[in-house]
Amino acid sequence: RLQQTPATSFVPADRVDRMAWNQRNTTRMKPYRGRVAPTPTGLLHLGHAQTFWIAHQRARQPDGKLVYRTEDLDPQRCKTEFADAALEDLKWLGIDWDEGPDCGGEYAPYIQSQRIERYRELLETLKTLGLVYPCRCSRKDVIEAVTAPHETGEEPLYPGTCRPALGQAGTFEADTAARVNWRFRVPSAEAVVFEDGRLGQQSFTAARDFGDFVFWRHDDVPSYQLAVVADDHDMGITEVVRGEDLLKCTARQLLIYRALGWEAPAFHHCPLVTDEDGERLAKRHDSLSLKAMREAGLTPEMIRAKFIE
């Protein structure tokens, strides 16, 4: 049986180095439930194939189950033809699953766009708890307000322009304002420490490594952070397998788990596949899509031989 990782800790940032990592969680002994969760904004590439293959292999243990979920939150970018192609490509690669949009299951629906009211319910819960607040800052506003540089491609650290004092609902009336996002309030200077199944202990400090993040968009679309936490909890996922580019997202999501009083799953972050220039593969790399490689005559075995884990 594959070993799932120990629990999560939240500690003041200055205590991280002194922590003894001795926490265990008995619920990690539950039957394994993993998931593959493509986003249908383009064709799947070699990097997706590697991550989903690892997820598939980790779920194929005694009593293990694999869930297929379509993460189609963005109505502007997600397309039905890409959702259909992902199902076809992964089946061709040799990945099978026990529950999903094509075969049903106990936790249906397995398509995020059909689960919006569940996400809205959780937004209202966190509003009541005072853990999210309305924000009318655009991305441009945030970038212009930030004085410290941030990594290319990283969300800029939110400067707190609309963040209310503790106990206050907001700095303006959300019901009458235009283009209002809802942000999750992160605890200042608190380290989120977790054990990754591949990379070992990881630590990110709230309000330093990431700031208050968008929880619900102004165009009435829930954030990725909210949706995956809700789905993984509701579907009983015990281990999340995904790319290592999402390590920081894990820290954000662990704060959501705690806010909702839910136990978090274990995490296993896979290595990224890069192109000849060392850049992480993206869906614009059409020549490395599973569809293109299949049409070029490659077999599933030839593709799996390219994996680096």
TODO: Report the C-alpha distance between Lys65 and Glu106 in whole Å, list the side-chain angles of each, state the deciding distance to 0.1 Å, and finish with yes or no for salt bridge (charged side-chain N to carboxylate O under 4.0 Å, His left out).
DONE: CA-CA 12 Å; Lys65 300 288 185 182; Glu106 181 180 356; over 6 Å; no

Open item on the list: Could you go through His56 and Val241, starting from their C-alpha distance and side-chain angles, then the distance that decides it, and tell me whether this counts as side chain to side chain contact (heavy atoms under 4.5 Å, CB included)?
Closed with: CA-CA 9 Å; His56 172 258; Val241 177; over 6 Å; no

TODO: Mind running side chain to side chain contact (heavy atoms under 4.5 Å, CB included) on Ile256 and His233 for me, showing each step along the way?
DONE: CA-CA 11 Å; Ile256 299 174; His233 170 267; over 6 Å; no

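Ring pair Phe213/Phe215 is tilted by interplanar angle, where 30° to 60° counts as tilted. Classified by interplanar angle (parallel below 30°, tilted 30° to 60°, perpendicular above 60°), the ring pair Tyr133/Tyr158 is tilted.
Leu260 and Leu254 fall within a single hydrophobic cluster, where Ile, Leu, Val, Met, Phe, Trp and Tyr side chains are chained together by heavy-atom contacts under 4.5 Å.
To the nearest 0.5 Å, the span separating OH on Tyr32 from CG on Leu66 amounts to 8.0 Å. A distance of 6.5 Å separates OH in Tyr110 from CE in Met235, rounded to the nearest 0.5 Å. In this structure, Leu46 CG and Met293 CE are separated by 4.5 Å, a value rounded to the nearest 0.5 Å.
At most 12 heavy atoms of other shown residues, nucleotides or ligands fall within 6.0 angstrom of atom NZ in Lys306. More than 12 heavy atoms of other residues, nucleotides or ligands shown are found within 6.0 angstrom of CZ on Arg304.
Closest heavy-atom contact between Tyr224 and Cys249: CE2-SG, 4.3 Å. Heavy atoms only, all atoms of each residue included: Cys137 and Asn181 are closest at O-ND2, 3.8 Å. Smallest separation of non-hydrogen atoms from Arg139 and Pro156: NH1-CD, 3.5 Å. Looking at every heavy atom in both residues, Trp92 comes nearest to Pro300 through O-CG, 3.2 Å.
Using a 4.5 Å heavy-atom cutoff, the side chains of Phe52 and Asp89 are not in contact. Residues Val36 and His48 fail the side-chain proximity criterion, which asks for heavy atoms closer than 4.5 Å.
His269 pairs in a side chain to side chain donor-acceptor pair (under 3.5 Å) with only one of the listed residues (Asp245, Thr250, Thr51), which is Thr250.
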Compile the donor-acceptor pairs under 3.5 Å between side chains in residues 225-232 and protein atoms, sequence neighbours left out, one pair per line.
from, atom 1, to, atom 2, distance (Å)
Gln225, OE1, Gln253, NE2, 2.9
Asp231, OD1, Arg115, NE, 2.7
Asp231, OD1, Arg115, NH2, 3.3
Asp231, OD1, Tyr119, OH, 2.9
Asp231, OD2, Arg69, NE, 3.4
Asp231, OD2, Gln112, NE2, 2.9
Asp231, OD2, Tyr119, OH, 2.9
Asp232, OD1, Arg35, NE, 3.1
Asp232, OD1, Arg69, NH1, 2.9
Asp232, OD1, Arg69, NH2, 3.1
Asp232, OD2, Arg35, NH2, 3.0

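Partners of Glu124 by side chain to side chain contact (heavy atoms under 4.5 Å, CB included), not counting sequence neighbours, listed by chain and number: Lys127.
Note on Lys248 versus Asp209: no salt bridge recorded, every NZ/NE/NH1/NH2 to OD/OE distance being 4.0 Å or above. Taking 4.0 Å as the cut-off between side-chain N and carboxylate O, Lys30 and Asp63 do not count as a salt-bridged pair.
Applying the salt bridge (Lys or Arg N to Asp or Glu O under 4.0 Å) rule to pairs touching residues 173-189 yields Glu155-Arg183, sequence neighbours excluded.
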